[in-house]
Structure formats: structure tokens, C-alpha cells
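We use all heavy atoms of the structure for the numbers below, so side chains are in, but hydrogens, waters and symmetry mates are not. Bear in mind the structure is a predicted one, so any value in this text is a computation, not a measurement.
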Amino acid sequence: MTIDAGRPLTGQPAVGPSPLGQPVIDSHGAPAGPPARAGRASFGRAALGRAGRAALLATGRTPVPDAIEPIVEAHRRHHPHADLTLLSRAYRTAEASHRGQLRKSGEPFITHPLAVTMILAQLGAGTTTLVASLLHDTVEDTEMTLAQVSAEFGPEVAYLVDGVTKLEKVDFGAAAEAETFRKMLVATGDDVRVMVIKLADRLHNMRTIRHMKPASRIRIAKVTRDVLIPLAERLGIQVLKVELEDIVFATLHPEEHARTRALVAAHEAEPDTVLQPFAQALTRQLAESGVAASVTVRARHCVSVHRFLLKRAAAAGPDGRPQGLRPADFGRLLVTVEENADCYAVLGELHTCWTPLPGEFKDFVAAPKFNLYQSLHTAVTLAGGEVAEVLVRTRQMHRVAEFGVVALGDPLVPGGQPGEPERADGADPARPGWLRRLLEWQQETPDPDTFWSALTADLSDDREITAVTEDGLTLQLPAGASCVDAAYLLGEETGHRCLGARVNGRLVALSTVLGDGDVVAVLTEQAGPGPGAEPSGPAPGWLECTRTPAARLAIERWLAEHPAGAREPAPEPAPAAGPPPGRPPGFPPAPVTARGERSPVAVPGRPGAPVRLARCCTPVPPDVVVGYEIRGGAFAVHRVGCPAGERLREAGRSPVVPDWVPGVCPPCGFRVTLEAQALNRPRLLADLTAVMSAEGIGIVSAAVEPPQDLQVRHTYTIELPTPGTLPLVMRAMLRVSGVYDVYRAGLPRLPPAGRGE
């Protein structure tokens, strides 16, 4: 694809070949290429213009201004029957409005909307989008009003122009930028083309960023990195994203960019002895198998190569030294086919004829990414040990992968084009899931600084996961989201009443990070008898494991409204220096772990020795404990009578008698494993987890054995905020109907009296 959207000016940071197909520039700032033919040079510009208009009139097409002829040509490739009357009128209006205005580069201002419109035309945007693009700066920078735009070009164009128009600093001061982005996002919620125009606008501004002051360059590049590039990724417009990434990289890290570009240039100067032969071999193999496919080598852009360079440098090679880039790291193979079934046929040939790497296969065809991206990803080992990555997709998938929501057509027309069927909900570019969530929580953040911080945090990870509830509801969450985030995504009331969670059939802690495809169930307390009964609400510690702004804002709001009614938070660690209250005089200081945390156990005669509480018997103060030295000079502390500790003693390890350090608690609390014997009945698991969560503890894991003779045994591993919580939890579990015994795991159990064994 070729996009001639305004060439970079001389002196702009060299970012390599443009992913949008921008022409190569020679040392004089002119497009490089073969010299013009002598015959062509004899025609003047006016003669060529008259000849072009005569040709248009002969074909019955409406003549257009010379300045937008390249745009029209690009537009007709995607929309051959487009009506160009409105486009011509929009150009004339924009040219007249901006006449006399200059950009910081000294060029006429009209070159900017023309360049932005060219980018959008070659992406395949519709006529309405191009009209709004030509006019996108008129309301902001000229005397033209929004009402005039609406009267001359219609309310749809006026809405798009208004969406990308900046708010005045005179009215909003320092908050103007944050509020402008809020306004754009709200407008994007109704029409995604607003953000598409903004991205094209930013791309052309970044291409000419060298004309800005150094401080402005850094500020604009950082905003582009933190907000615009993640938005381009979420809208799936890959060709815009990669060029923005490369220009930001060149602006913020010029030295690293120059080194990476030098590596790419050196690789390009050498013949391709890895990927090109592999592409030819794969082409032959697919032809022999009867699979119609096109195989090409796609070079990585500069930022992608730099990421691979960092990855190689962090991994030690066979000689123990950091690795350098390999020839196959500079690109990967793209295989395009006609039908979805052909994707898997190509995959079968790949994995049959070459050795696939375990764990490298990803199927985004059956499970598309949140930005509609679809492809099969795999990696195979070639002769000589080189590893080649391969992408397999259909031609339509490739269009969507490159152009994102633009490839889906006009979001206000069902199916994107007239006559096409309406899209499924998951493919609606006007209201993608991430955008719905963003619009919901932004309403709760009137403060511009809070909104800006939450926005950049929400966009900081460009990956999303899909979880499914046990009832079949699909949850779209950012990567790193926990069960708390899932609870609040189901509703604020559900989050406030959350007691625990079950992931893939196993009970887990609320802080558990969800993975892609997990099946999650949120366990909640029952509503009170009265209509105004409030839930127990979140604990302050929940804020540490939230990933979504909506969950964080809801928790912070609850804690602010219920300062005395919040769940008891985990106690803060004891101060790093000085004995805690109640410590006997002369008691040795608590040892410090490798992470700077104070240990609750001290070994006499070995101050500062690292200590590990055994997981087999989970000792808790005031248990009688014994320690054994293990590898690395550390001590494993077991409860007296623990079989694992006895085996260490029998193996010749000398036991020591450690002391509990009063007032010191591990950062995550004391971990304890409890077993409960009960008569089997429905909802026993839910009732037990509810009473445990009500005591303010975290449930790490749970296991339920198959019932025998109507009896069942549950095993729970929990984290106690303080040792004194343990008897409270055990008594609460014993009060649950059907539970007749609760005890700690890890020590041999004597048979109860009367059992006869």
C-alpha cells in the first residue's frame, strides 16, 4: 500500500521506511526515483491540468480541484462509486478558510488537512470522513463556526469536526488537554471516526515534529506514546500505530533509535539467507498440497526490532553471554489465504514439514483479540537452528489487522456498506468493549487530573483478556485484572457484596489475576432483610489488586463514605527500626528478608539469618516450633511433630529452637491450612467461604474431596492478618450447619474417642 500523505521535511528524524508506504526522500528533500522522461518534461503544469480535466469530462466524471486529485485517486480505489461533489466543496471551503495561514514549517496551512485526508483516503475511509478531515481545523483555527459547517455539510460532518476540535486554554487553563481528550472519547463513543481522524491528524503532526520547540517535541511525543498509540492499538489501526511508535522512539530516544536503525540497515545490505528461502520453500509446499496462498516476508519496524534486541540481550546464550540479533529476528512470514479453513491447512503443512516451537502457537482466528485482530501465530525451527515466526490469516483478516475499524466501513451503516448484513455485537466498531468501560468510569471522575491519570493507567497495557462467568456472560478485562475487577464489572453492588471467587472450578483469593479464557464465579453475600440494608463493602486492601479504574473508583468512593464501616484492613507492618510494643528488653531484632521485609521468627545465635515458615504444617504464633538449617544458610521452621521436620532431623540436620518475634507479621499474613469435616449438603462450600471471608481473611486455595458415606472433607489454605484471627475463623467454621470438626492440617491426627480406631 502507498500513502503519499505529505513527505517528511529535510532534517526530520529518520524513522526508516514508512509502514504507510511513504516515498523515499533524497538528500535534497525530494522524492527519490528515476528522472522524468524528456517527452513528459515538454508539457507544462497548466497543459497537464487542462488535459486531466478534459479526460474527466470525457468520462462523464465531475472535475475536481487539482490539489485533491491524488486523494480522489486513492479514495476511488476503495470506493469506486463515491460522490466527489461534497469532497470538492469541502476542499474549496477549507482552502478559503485557511488562506494566508502558515504552519510552523512555513508551508501553507492547507497542506496539513490535505495530508491528513490523504492518510485516511488510503486507509479506505468513507467520503464523509474525508470531508470532515478536510474541515477538521476550520472551527478551531478560522472564523468558520460549527453551525456553518452543519448548514453546508450536514450534522454528521459537523459532529466529526466538533469531536476533534480542541478546547480553548482560555476557558480550561491547564486542564484543556485532559478535557479535550475526554471530549474526543465521549464523541468516539457515538462515532468511532472521531478518533480515526484524530490519529491521522497526530500522525502528520508527528511527521513534521522537528519544527516544534524541543520541550514541545518531548511533551507531544509522550502524550502520543501514552494515549494515542494505545488508542490506535485498541482500534486495530496497525499501520498508524507502528509509524507513530517509530517517530516517538526517534524523538524520545534518538541514540537508541540510531543504533537500531544502523542494525536494520546493515541487515538490509546483506542478502536474506534465512527468511526468503524459507518463504520459497513454504510456497512450494503449499502449492504441492493444493492450498492457494501468498507467502511474503514482512520486515519488522524499528521499535519491534529494538524490543527483540532487548529480549535477546536479557537472555543468556550457550556461552553464558547475552545474545545478539539473529537474521530471522528482523522479520517474519505472512501467509494470506482465501478462507478460514485454509488458515488451518497452512498450519498443518507448517507443523508437518517443520518443527514447531512448543508454547508459540496462538489461535486468534477462533478467538479474536479485543481489537478484532485475527491471525494464527506460530514459530518453527529451520535448518541451522534459526527460529522463524509465521502469521497466517485470510485477506479480509489482513485488511482488518492493518486498518482496524476503518476496514469495517461506516459504523452508521449496518454492515459497514449499504446492503451488507448487520454486524455481530462483538464486531461493532462504534462501541467496542474497552470504550464502553472507559466511558462509564470517566463519568465518575470530574477532576481533570484524576481523569488523565486514570486514562493513561487504563491505556498503559495494550492487551486485554476475555473471561467467562459460569452463567455464560463474557467479561472483557485488561491484562492483569483480578477477581475484584471482575466483580465490579458485573456491577458496583456485586463488587460491594463480593466475598470470594471461584476460577475454573477452584476457590481462589480475590487478588488472583485472571487469565485469558478463565471461567470465573463471584461469590457474594446475601442481601439483608430490609430494603436499605447495606453490604459489608470492600476492604482497603482490595485497592492493591485492582486493575480497572471503575473498580478503583467504586472502592475509593465506598471507603470515603464508610470510614468506620469498612472491612478491617490488614495491619500495617511494624516499623523497620526499634522494638515493637511489648517486646521483652534485650530481645534480638527481627531478621530482614531479601525483599526488606521483617521476619516473624528469629534464630538465637544467628541474627539476620533468613527464615521460611514451612508450608506443610503452616506454623503460627504461639505454636511450639523447631528450625532446621537448609540450603543457603536459611532456616525452615516447622511445628513440633511435623513429619517433614522429623525427616530433616532423621537426615542429620541439627534442630534449633527459634523464637517468635512479638508484633511482627509477614506482609501477606500468616498462611494456615485448615481442614473441615462435615456432613455433605448443598451450599456447604458457599457457606464456609462466606463465614471465612466475613472474618477478613484471604482464601488462597480450596479443595473438596469426593463425599463418602454422606461425609465430606474441605481443605482451605488461608492468610491471617494476625495470629489471633485463627481461633475466630475456626469457631466461625464450626458454627456452619453440618460442620462437626475443624482442625489444622500438617500434624498426625489422633482418632476421636469412640471411633474404635
Side-chain angles (χ1 to χ4, degrees), residues 185 188-189 226-227 230-236 362-364 366-374 404 424-429 431-445 451 453-524 538-539 541-558 698:
L185 288 168
T188 302
D226 296 340
V227 179
L231 286 172
E233 168 71 13
R234 279 159 168 72
L235 294 176
K362 297 181 180 65
D363 187 349
F364 297 118
K369 292 175 110 177
F370 66 94
N371 59 1
L372 311 180
Y373 174 87
Q374 288 183 286
D425 291 342
D428 179 11
R431 300 289 288 186
W434 62 267
L435 182 56
R436 283 197 301 268
R437 292 198 310 275
L438 191 151
L439 293 174
E440 288 169 0
W441 66 252
Q442 70 85 22
Q443 297 175 356
E444 306 294 332
T445 54
F451 165 75
S453 300
L455 176 65
T456 53
D458 191 53
L459 297 175
S460 62
D461 195 324
D462 59 1
R463 190 171 63 87
E464 286 205 358
I465 62 168
T466 301
V468 182
T469 67
E470 293 183 352
D471 297 331
L473 182 65
T474 300
L475 305 179
Q476 296 287 345
L477 292 158
S482 68
C483 296
V484 174
D485 295 301
Y488 279 94
L489 184 58
L490 293 171
E492 190 168 310
E493 186 71 12
T494 301
H496 289 343
R497 296 189 183 278
C498 179
L499 294 173
R502 186 168 54 244
V503 176
N504 300 327
R506 298 188 61 186
L507 204 67
V508 298
L510 284 173
S511 59
T512 300
V513 175
L514 296 171
D516 202 22
D518 280 348
V519 179
V520 61
V522 176
L523 307 177
T524 58
W542 290 14
L543 290 171
E544 299 176 5
C545 58
T546 56
R547 176 70 177 78
T548 56
R552 177 172 293 276
L553 292 168
I555 294 171
E556 290 175 344
R557 185 166 54 250
W558 169 276

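Looking at V508 and V520, their side chains never come closer than 4.5 Å, going by heavy atoms from C-beta outward. Taking 4.5 Å as the limit, every side-chain heavy atom of Y488 sits out of range of all side-chain heavy atoms of C498. Side-chain contact between W558 and W542 is absent, with no heavy-atom pair separated by less than 4.5 Å. Counting heavy atoms from C-beta outward, L514 and L477 have side chains that approach closer than 4.5 Å. Side-chain atoms of L473 and V468, non-hydrogen and from C-beta on, never get closer than 4.5 Å to each other. Side chains of T494 and L489 form no contact here, defined as non-hydrogen atoms less than 4.5 Å apart.
Remark: L543 pairs with R552, I555, E556, L559 by the side chain to side chain contact (heavy atoms under 4.5 Å, CB included) rule, at least two apart or across chains. Legend: residues meeting salt bridge (Lys or Arg N to Asp or Glu O under 4.0 Å) with E544, ordered by chain and number and at least two apart, are absent. Residues satisfying the side chain to side chain contact (heavy atoms under 4.5 Å, CB included) test with N504, not counting sequence neighbours, are D518, V519.
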Next item on the list: Could you check L185 against L231 for side-chain contact (heavy atoms from CB on, under 4.5 Å), going step by step and ending with a plain yes or no?
Entry: CA-CA 10 Å; L185 288 168; L231 286 172; 4.3 Å; yes
Please list, one pair per line, the donor and acceptor atoms closer than 3.5 Å that link side chains of residues 479-486 to other protein atoms, with sequence neighbours excluded.
residue: S482; atom: OG; partner: V484; partner atom: N; Å: 3.3
residue: S482; atom: OG; partner: D485; partner atom: OD2; Å: 3.4
residue: S482; atom: OG; partner: C545; partner atom: O; Å: 2.6
residue: D485; atom: OD1; partner: R547; partner atom: N; Å: 2.9
residue: D485; atom: OD1; partner: T548; partner atom: N; Å: 3.0
residue: D485; atom: OD1; partner: T548; partner atom: OG1; Å: 2.8
residue: D485; atom: OD2; partner: S482; partner atom: N; Å: 2.9
residue: D485; atom: OD2; partner: R547; partner atom: N; Å: 2.9

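Under the salt bridge (Lys or Arg N to Asp or Glu O under 4.0 Å) criterion, the residue pairs touching residues 470-484 are E470-R502, with sequence neighbours excluded.
The nearest pair of heavy atoms linking P538 to H496 is CD-ND1, 3.7 Å.
Once rounded to the nearest 0.5 Å, the distance linking CG of L372 with CG of L235 reads 9.5 Å.
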